[in-house]
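Below: the structure, in structure tokens.
Values below: all heavy atoms of this structure, side chains included; hydrogens, waters and symmetry mates excluded. All residue numbers in this chain count up from 1 along the given sequence.
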Amino acid sequence: MFGEGAINKVADEIHALEGKKVLLVQDQALEKVGVAEQVMAPLKAHGIPYVLYDQVTSEPEPSLADQGAALAREEGCDLVVGVGGGSSLDVAKAVAMLAKNDGKAEDYIGLETVPMPGLPTIMVPTTAGTGSEVTFTAVFTMREKKAKGGINSRFMYPDLALLDPELTLSLPPNVTATTGMDALTHAIEAFTSLQSNPMSDLVAKEAIALIGANLKRAVEQGGDLEARREMLLGSLLGGLALASAGVGACHALAYPLGAFFDIPHGMANAVLLPYIMDYNLSSAEAKYAEAASLMGEKDPQQSGESAAEQSVKLVRRLSQNIGIPQRLRDLDIPESDIEKMAEMAMTVARPIANNPRKMTKEAATEIYEAAF
Ligand SMILES: [Fe+2]
């Protein structure tokens, strides 16, 4: 469900899914900007009982999902509504799953490890970024183990993605920028993934065009509803593309930045994307050339560069224009840790396997060095 005011239909959708008592999963930041109230008001107006779980933090630990699921069981909730950025949506999806499956969130990290469907879910993204509202993944950070991993299961697909652009109007510029670059990364990586297919290409291309045309505008003029709408649509399509074709090495190399240094997911991808594209250039030329034209490049020959090279330049320019740091050193990543980051990146198996150019530990090290 998509459109301005869509959130006012949330009560009807809860009824349609036969929800009698809702667990609302979100982070505390939403209360400060009044978005939480925009979601709760229709529940109150329709007399739908709900319980709030608002302990979600950025790059969440799996224990947060365990806590939320315990609350859902205690309170007898039979439907989960997730509201927020990727962290809140991922926790909400895992909470709904754990409410019907034994054990802890960490036990289910892996591919198709979940035996039973969870509670029905409605996902309400408030960032134009992760696309988590349409994917089967919930990503968690295990800080003690310095690891990141995802629960990936067919039972984690949300029942409804409810996207209301008005809920994204209060996003600050830096979050708009980093989450928007995450969405662009999904679109570009899905488009060039070895698993890409005609259906994922359709949505990936539309996502690249929408994000290319609207991200800068949304960062500079947060109140521009049209730019916000196009960005939210772009991130949804990016999510659908990645749900079908997967992501690539940028996501794999971004993971260690989150696990070791708590760099938010969007920021990690944003910094690394141009460097990964540089590396992939020779193996994805036709698609990168197409991406350049989708991002508005009209005459690539003028500068003597190929259209594919232009796409890297366009992404880099966009990222500079919206204030993304351009180097790992700007994020205080120590150069001495590059070796162990490359080691960990290579364990993020599926994105590594999807990458259009073969990724090795040596290549990952070189990419980090270049980005440093
Ligand atoms: Fe992502």
Side-chain angles (χ1 to χ4, degrees), residues 59-66 68-69 80 82 86-87 89-121 123 130-159 161 182 185-187 189-197 199-200 203-204 238-259 265 268-269 343-356 358-361 364:
E59 310 306 305
E61 294 271 347
S63 59
L64 294 176
D66 301 335
V80 176
S87 302
L89 303 193
D90 283 3
V91 170
K93 284 152 69 174
V95 163
M97 180 276 284
L98 287 168
K100 288 279 189 180
N101 289 280
D102 294 332
K104 295 182 167 199
E106 203 171 337
D107 306 337
Y108 292 104
I109 286 182
L111 180 60
E112 297 300 358
T113 55
V114 178
M116 293 265 296
L119 295 175
T121 54
M123 292 297 133
T130 60
S132 175
E133 67 275 11
V134 288
T135 70
F136 81 153
T137 300
V139 179
F140 292 98
T141 301
M142 284 69 73
R143 286 179 179 74
E144 218 159 273
K145 291 188 192 161
K146 301 259 181 223
K148 255 183 112 151
I151 304 174
N152 304 281
S153 160
R154 74 195 74 179
F155 297 132
M156 298 278 284
Y157 280 112
D159 292 273
D182 185 30
T185 309
H186 298 154
E189 292 212 292
F191 188 42
T192 54
S193 163
L194 294 180
Q195 302 293 324
S196 68
N197 55 74
M199 193 208 81
S200 65
V203 282
L240 288 169
L242 96 84
S244 170
V247 285
C250 187
H251 271 73
L253 269 70
Y255 264 30
L257 302 189
H265 176 72
N269 276 318
E343 230 158 70
M344 181 188 169
M346 292 307 292
T347 67
V348 190
R350 284 185 309 144
I352 290 286
N354 287 340
N355 198 60
K358 189 176 166 49
M359 183 56 64
T360 60
K361 196 189 145 203

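Every pair passing salt bridge (charged side-chain N to carboxylate O under 4.0 Å, His left out) that includes a residue from residues 94-109 is listed here, sequence neighbours excluded: E106-K145.
Proximity of a side-chain donor or acceptor of S193 to a complementary backbone N or O of V247 within less than 3.5 Å is not detected. Here the side chain of E112 pairs a donor or acceptor atom with the backbone of R154 at under 3.5 angstrom.
With sequence neighbours excluded, no residue satisfies side-chain hydrogen bond (donor to acceptor under 3.5 Å, both in side chains) with N354. With sequence neighbours excluded, the residues that form a side-chain contact (heavy atoms from CB on, under 4.5 Å) with S244 are N197, M199, S200. Contacts of T185 classified as side-chain hydrogen bond (donor to acceptor under 3.5 Å, both in side chains), with partners at least two apart in sequence or in another chain: none. The ring pair (Phe, Tyr, Trp, His ring centres under 6.0 Å) search around H251 returns H186, H265, not counting sequence neighbours. In this structure, F155 has no ring pair (Phe, Tyr, Trp, His ring centres under 6.0 Å) partners at least two apart in sequence or on a different chain. Evaluation of the side-chain contact (heavy atoms from CB on, under 4.5 Å) rule for V139 yields D90, T137, K148, Y255 as partners, not counting sequence neighbours. Annotation: side-chain contact (heavy atoms from CB on, under 4.5 Å) contacts of S87 (sequence neighbours excluded): V56, P60. Every residue was checked against the salt bridge (charged side-chain N to carboxylate O under 4.0 Å, His left out) condition with K358, not counting sequence neighbours, and none meets it. Partners of T130 under the side-chain hydrogen bond (donor to acceptor under 3.5 Å, both in side chains) rule, at least two apart in sequence or in another chain, do not exist in this structure. Scored by the salt bridge (charged side-chain N to carboxylate O under 4.0 Å, His left out) test, K361 finds E339, E343 as partners (sequence neighbours excluded).
Summarising the geometry, atom CE belonging to M123 is positioned 7.0 Å from atom NZ belonging to K93; distances are rounded to the nearest 0.5 Å. Separation of atoms CG (N101) and OH (Y108) is listed at 4.5 Å; rounding is to 0.5 Å. Expressed to the nearest 0.5 Å, how far CD of Q195 lies from CD of E189 amounts to 13.5 Å.
The minimum heavy-atom distance linking M156 with A138 is given by the pair CE-CB, 3.5 Å. Nearest heavy-atom pair across L257 and A268 is CD1-CB, 3.7 Å. Smallest separation of non-hydrogen atoms from P158 and T121: CA-OG1, 3.1 Å. The two atoms that bring G239 and T135 nearest to each other are O-CG2, 3.8 Å, heavy atoms only. Residues V95 and A65 come closest through the heavy atom pair CG2-O, 3.5 Å. Across A92 and G82, no two heavy atoms sit closer than the pair CB-CA, 3.6 Å.
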Let me have the donor-acceptor pairs involving side chains of residues 344-352, under 3.5 Å, with sequence neighbours excluded, atom names and distances please.
unit_1 : atom_1 : unit_2 : atom_2 : d
T347   : OG1    : M344   : O      : 2.5
R350   : NH2    : N152   : OD1    : 3.4

Should E144 and E61 be marked as a side-chain contact (heavy atoms from CB on, under 4.5 Å) after you check the CA-CA gap, both sets of side-chain angles, and the distance that decides it? CA-CA 10 Å; E144 218 159 273; E61 294 271 347; over 6 Å; no
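For the pair V91/F140, a side-chain contact is recorded, criterion being any heavy-atom separation below 4.5 Å from C-beta on.
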